[in-house]
Engineer: 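After the structure tokens below, expect a handful of questions from me.
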Amino acid sequence: MAVRVLPARDQQFPLFPSIGEYPVYDDIVYDGFDQPDERVRAYRDAIDDAVGDKIVLDIGTGRDALWAIHAARASARHVFAVEQQPQAAGQARQAIAAAGLTDRITVIEGLSTEVVLPEPAQVCISEIVGNISSAEGAIAALGDARHRLCRPDCVWIPFRIQTWAAAVDLSAHRPVIATESLPYLQQVFNAVGQLFDLRLCLGGPVGMLPVSGAAPVESIVFDHRRDPPPPDTASTVELTIDVPAARVTGLILWTRVAVTSYMAEIDTLTCDTRSWAPIYAPLSPDGIPVRRGDALTIAFERATSDDDLHPDYRLSLTWPRMALDPATWTSRHHSGDFRTTHLHRELFPAP
Ligand SMILES: C[S@@+](CC[C@H](N)C(=O)[O-])C[C@H]1O[C@@H](n2cnc3c(N)ncnc32)[C@H](O)[C@@H]1O
């Protein structure tokens, strides 16, 4: 497989595979979670407020059992820490033993949708929040937890996750994958068992990229007082161009996380965390010419893939000023053909 690569330091906006939504976690990825950043501070504050004398479920505890250990130290009655990756579950047990909390935290190895708890949880903590917020399977996994593993008055951490969209102009930047991400890229293809058009994130100063306003295309609240979020959905938003002129090559999609209903949201486009990066949805290789005030209509669709956990997505962009067919982006989680988008054809040249 040929890949167009360049070291990240030599690019303004390097591309790299979306991390977290594929079953590939290694020490580099887990090291990125264990940082004194906005994500960790918000989760710790939310846990401190919620867990006193409560039965806690931590879905996806990860290698370091960060939230489980913090919850036990914050006086949770007991914590059930579920982890699907066998190696990470073993390392989480070691971290819990090293913290002297073996009697307060039980690690359960497996997918949360396939485990049972001895008693229902009063607080459910998870950070299975993707770069597109639903991409790591939060809707299916937390919907199942709400139904089977948690009490009706359960406190949900996070309270809400959203995906926001904005138009970008990358016509002056040749897309190239960061050399450093090649081993991860290969692991994703190995895990899925085939080459396919995997989702790609943009690094660099991405907050300066939007050429339009931004709007939420999905908004997911887990609380029992509302209906459970539907696995499949469609929404339409309008984005207004707010620069004098540009060529719209695609959209960026990024996550906003309300860890509680009462704290400031984490906007992953602008905050100080390595945990998330915006997905680039390529729509037009040369860019659609636009000018200030133009309105773009974005239709967003989410549909559960055949693993019943991770969604597939479809976006289409129409712009009333020009009578052209909509530009579309179809992104399946783990299936579909390879090199179907112009971006993937450019990044993975034909041999
Ligand atoms: C983004 S990491 C978060 C790790 C840690 N909780 C943190 O926030 O730093 C997500 C972890 O959840 C695990 N995971 C994802 N979905 C899961 C599920 N439905 N059941 C169990 N583990 C899951 C992954 O294997 C990974 O270790």
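Counting starts at 1 for both ligands and their atoms, in listed order.
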Engineer: Quick one: look up the protein heavy atom nearest atom 15 (C) of ligand 1 and list residue, atom name and how far away it is.
Structural biologist: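 Ranking protein heavy atoms by distance from atom 15 (C) of ligand 1, first comes Ile128 CG2, 3.3 Å.
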
Engineer: Which residue holds the protein heavy atom closest to atom 11 (C) of ligand 1, what is that atom called, and what is the gap in Å?
Structural biologist: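 The closest heavy atom on the protein side is Gly60 O, 3.5 Å.
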
Engineer: Hey, are the side chains of Asp197 and Phe338 touching, using non-hydrogen atoms and a 4.5 Å cut-off?
Structural biologist: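 Asp197 vs Phe338: side chains touch.
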
Engineer: Measure the spacing between CZ of Arg274 and CD of Gln35 and express it to the nearest 0.5 Å.
Structural biologist: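 Reported value, rounded in 0.5 Å steps: 4.5 Å.
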
Engineer: Under 4.0 Å, heavy-atom basis, I'd like to know which part of Ala88 is in contact with ligand 1: side chain, backbone, both or neither.
Structural biologist: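 Answer for Ala88: neither.
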
Engineer: To check your reading of the model: name the closest protein heavy atom to atom 9 (O) of ligand 1, its residue, and the distance in Å.
Structural biologist: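 Atom 9 (O) of ligand 1 sits closest to the protein heavy atom Arg39 NH2, 2.9 Å.
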
Engineer: Determine whether any heavy atom of Ser275 lies closer than 4.0 Å to an atom of ligand 1.
Structural biologist: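 Contact check Ser275 vs ligand 1: negative.
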
Engineer: Has the side chain of Glu218 got a donor or acceptor atom that lies under 3.5 Å from a matching backbone atom of Ser134?
Structural biologist: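 Present.
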
Engineer: May I ask you to list the atoms of ligand 1 that are less than 4.0 angstrom from any heavy atom of Ala141?
Structural biologist: 19 (N)

Engineer: Taking atom CG of Asp232 as the centre, report whether more than 12 heavy atoms of other residues, nucleotides or ligands fall under 6.0 Å from it.
Structural biologist: yes

Engineer: Would you say the side chain of Val129 lies within less than 4.5 Å of the side chain of Thr268, judging by non-hydrogen atoms?
Structural biologist: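 No, their side chains stay 4.5 Å or more apart.
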
Engineer: Kindly assign one of parallel, tilted or perpendicular to the pair Tyr313 and Phe300, based on the angle between their ring planes and the thresholds 30° and 60°.
Structural biologist: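 Tilted.
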
Engineer: Against Ile266, only a single residue in Arg41, Arg256, Glu38 fulfils side chain to side chain contact (heavy atoms under 4.5 Å, CB included); can you say which?
Structural biologist: Glu38

Engineer: Which residue holds the protein heavy atom closest to atom 19 (N) of ligand 1, what is that atom called, and what is the gap in Å?
Structural biologist: Ser112 OG, 3.1 Å

Engineer: Are any of the side-chain nitrogens in Asp169 or Arg247 under 4.0 Å away from the carboxylate oxygens of its partner?
Structural biologist: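 Salt bridge between Asp169 and Arg247, a charged N being under 4.0 Å from a carboxylate O: no.
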
Engineer: Please list, in number order, the atoms of ligand 1 under 4.0 Å from a heavy atom of Phe33.
Structural biologist: 1 (C), 2 (S), 9 (O)

Engineer: Where does Leu111 meet ligand 1, judged by heavy-atom distances below 4.0 Å: at the side chain, the backbone, both, or neither?
Structural biologist: both

Engineer: Would you sort out whether Arg63 and Asp34 count as a salt bridge (Lys or Arg N to Asp or Glu O under 4.0 Å), showing the intermediate values?
Structural biologist: CA-CA 10 Å; Arg63 178 194 71 180; Asp34 191 9; 5.2 Å; no

Engineer: Please state which part of Asp64 comes within less than 4.0 Å of ligand 1, counting heavy atoms only: side chain, backbone, both or neither.
Structural biologist: neither

Engineer: Which atoms from ligand 1 have a heavy atom of Gln85 less than 4.0 Å away?
Structural biologist: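 Taking each heavy atom of Gln85 in turn, ligand 1 has 25 (O) under 4.0 Å.
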
Engineer: Just wondering, do Arg104 and Ile96 contact through their side chains at under 4.5 Å, heavy atoms?
Structural biologist: no

Engineer: Have a look at ligand 1 and work out which part of Tyr30, if any, has a heavy atom under 4.0 Å from it: side chain, backbone, both or neither.
Structural biologist: side chain

Engineer: For atom 25 (O) of ligand 1, which of Glu114, Glu83, Glu109 has the closest heavy atom?
Structural biologist: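 Looking at heavy atoms only, Glu83 sits closest to atom 25 (O) of ligand 1.
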
Engineer: Among Arg63, Gln35, Gln84, Gln91, which one puts a heavy atom closest to atom 17 (C) of ligand 1?
Structural biologist: Gln84

Engineer: Nearest protein heavy-atom contact for atom 3 (C) of ligand 1: which residue, which atom, what distance?
Structural biologist: Glu127 O, 3.6 Å

Engineer: Please identify which atoms of ligand 1 are closer than 4.0 Å to at least one heavy atom of Leu66.
Structural biologist: 9 (O)

